[in-house]
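Since the structure comes first, as structure tokens, the remarks are kept for the end.
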Amino acid sequence: MINEIENNGVIGAGGAGFPTHVKLNSRPDTVIMNAAECEPLLHKDMELILNYSDEILSGFKSVMEITGAREGIIGIKEKHHHEIEILNSKVSGNIRVMPIEDVYPAGDEVTLIYMTTKRIVPPGSIPISVGCVVQNVETLFNIGVNKPVVEKFISVAGAVENPATIKVPVGITFAEVLSQFKITESNYVVRSGGLMMGTLENDLSQVVSKRTGALIVLPSNHYCVTMYNRFLTEHDTDRIAKAGCDQCSYCTEFCPRYLLGQPVRPETAMRNRIFTREDQPMIFAGNFSCCECNLCTMYSCPEGLDPKGATVIEKRLARQQNLKWNGEAISAHPMYEYRKVPTEKLKQRLDVLKFKDKGPLTNFSFNPGTVSVPLDQHLGSPAKPVVSVGQTVKKYDLIGKAEGNVSSNVHASINGVVKNISKSEITLVRN
Ligand code: SF4
Ligand code: SF4
């Protein structure tokens, strides 16, 4: 079974992109389905549960079988009554549905593991260190259907007339996807992935990969866009930290990882930017445990600064200098229960309450004439092309082979002819 997952090029579809067959080479006692879908406006995982619960549960059972886990837990927001009902009607024995609070970032692995098992992943460790493996809903769907992964489900949301969940071929451009939607703003920008953890896309010729979760359209004068644009570079983050941080520590006090006893202290990252010298950077290695949820920048900081950006700088510097955190075992902060951030409150702060946060699975027909299939859409080494220019390929054919221990196979997402092969992608033209 694990060979099929490897051959099919299944990777973490929640955005992480870690090759699934590598992750499953472990012996957890518990497998957790990450159905938390905590990014505001995203809805594709709930649509998948509504439409494909059998496939998802089949994938979930396969993962439990492969790893030998004794227990399976489905972590899903308590507000999704209908989806919970569907799942509850189909699970039994050692699999249970666990409704969780509607807070951000419930989908962060460390947070989800705590919310569903009360176990705390130690700083610098991964879920298997506490006997858990976490798998995203769409990853489990891909395992369940047991075919090469050549299509991606994405949420299209924000300033569009009819938000929807759609299935598109890997390698299609963002522009082609959005051409099927009526955008309600004349001046807009697009955020891929999510409002909190995604990327601002200035170039809509970028393509959908197996990791793309959403395309969110925002008016170009929207609050979120103003914030994203203020902190485009490390230089911006550094300059504004030096000028504006009053060290109030709200960023740390609301940090979900800090509240779970992790050594993350974004206010320290800001202070280090204030005092650091070009030739002598100050670094707090505990910040390596930041999950980049962006809560400190987009929600907590009353000054509108970028503590997340400062923490990311610290992570880079710590990595460069091979600094590691060697702290003690940890426990949750006594204030953890009182400082969780409700998603509705976050949406209010982000000024997105006006956008619909549901988008039904809609059957658009996407038949792009050309697709550019990325060879590096997973974590680890890029896949190595196994086709040549001019070769005819069919949908699902292997076109890039995993290279090394952490890598993943890549397949053709349309019937076509190989037009071009570069280091990063293979371009196919439909025939
Ligand atoms: S970054 Fe913002 S929240 Fe954090 S200490 Fe500075 S002013 Fe306070
Ligand atoms: S982005 Fe900010 S709030 Fe989120 S984990 Fe990192 S430091 Fe904490």
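Both ligands and their constituent atoms are indexed starting at 1 by order of listing. Because the structure is a prediction, the values reported are computed rather than measured.
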> Ignoring hydrogens and geometry, is there a side-chain-to-backbone donor-acceptor pair from Lys152 to Val208 under 3.5 Å?
Replying inline: no
> Would you say Cys301 reaches atom 4 (Fe) of ligand 1 with an N/O/S atom under 2.8 Å?
Replying inline: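 No, outside the cut-off.
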> Any Lys/Arg nitrogen of Glu47 or Lys44 sitting under 4.0 Å from an Asp/Glu carboxylate oxygen of the other?
Replying inline: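 A salt bridge is absent here (no side-chain N lies under 4.0 Å from a carboxylate O).
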> Strictly under 4.0 Å, does any heavy atom of Pro307 approach an atom of ligand 2?
Replying inline: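 Per 4.0 Å heavy-atom rule, Pro307 does not contact ligand 2.
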[atom] [closest protein heavy-atom partner, distance rounded to 0.1 Å]:
atom                    : answer
atom 7 (S) of ligand 1  : Asp246 OD1, 3.3 Å
atom 6 (Fe) of ligand 1 : Cys245 SG, 2.3 Å
atom 4 (Fe) of ligand 1 : Cys251 SG, 2.4 Å
atom 8 (Fe) of ligand 1 : Cys248 SG, 2.3 Å

> Is it the side chain (CB and beyond), the backbone, both or neither of Cys296 that lies under 4.0 Å from ligand 1, heavy atoms counted?
Replying inline: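 For Cys296, there is no contact with ligand 1 at all, from either part.
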> Is it the case that Asn287 and Thr311 place a side-chain donor and acceptor less than 3.5 Å from each other?
Replying inline: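 Checked: Asn287/Thr311 side chains show no N/O donor-acceptor pair below 3.5 Å.
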> Judged by modelled atom types alone, do Glu201 and Ser192 share a side-chain donor-acceptor pair under 3.5 Å?
Replying inline: yes
>> Angle between ring planes, His222 versus Phe355, binned at 30° and 60°: parallel, tilted or perpendicular?
In response: tilted
> According to the interplanar angle, ranging from 0 to 90°, do the rings of His333 and Tyr258 count as parallel (below 30°), tilted (30 to 60°) or perpendicular (above 60°)?
Replying inline: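 The rings of His333 and Tyr258 sit tilted, inter-plane angle from 30° to 60°.
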> For ligand 2, does Asn294 get within less than 4.0 Å through its side chain, its backbone, both, or neither, judged by non-hydrogen atoms?
Replying inline: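 Near ligand 2, Asn294 shows its backbone, while the atoms from C-beta on stay back.
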> Applying a 4.0 Å heavy-atom criterion (strictly less than), which segment of Cys293 is in contact with ligand 2: side chain, backbone, both, or neither?
Replying inline: both
>> If I take every N, O or S atom of Cys291, is at least one of them less than 2.8 Å from atom 6 (Fe) of ligand 2?
In response: no
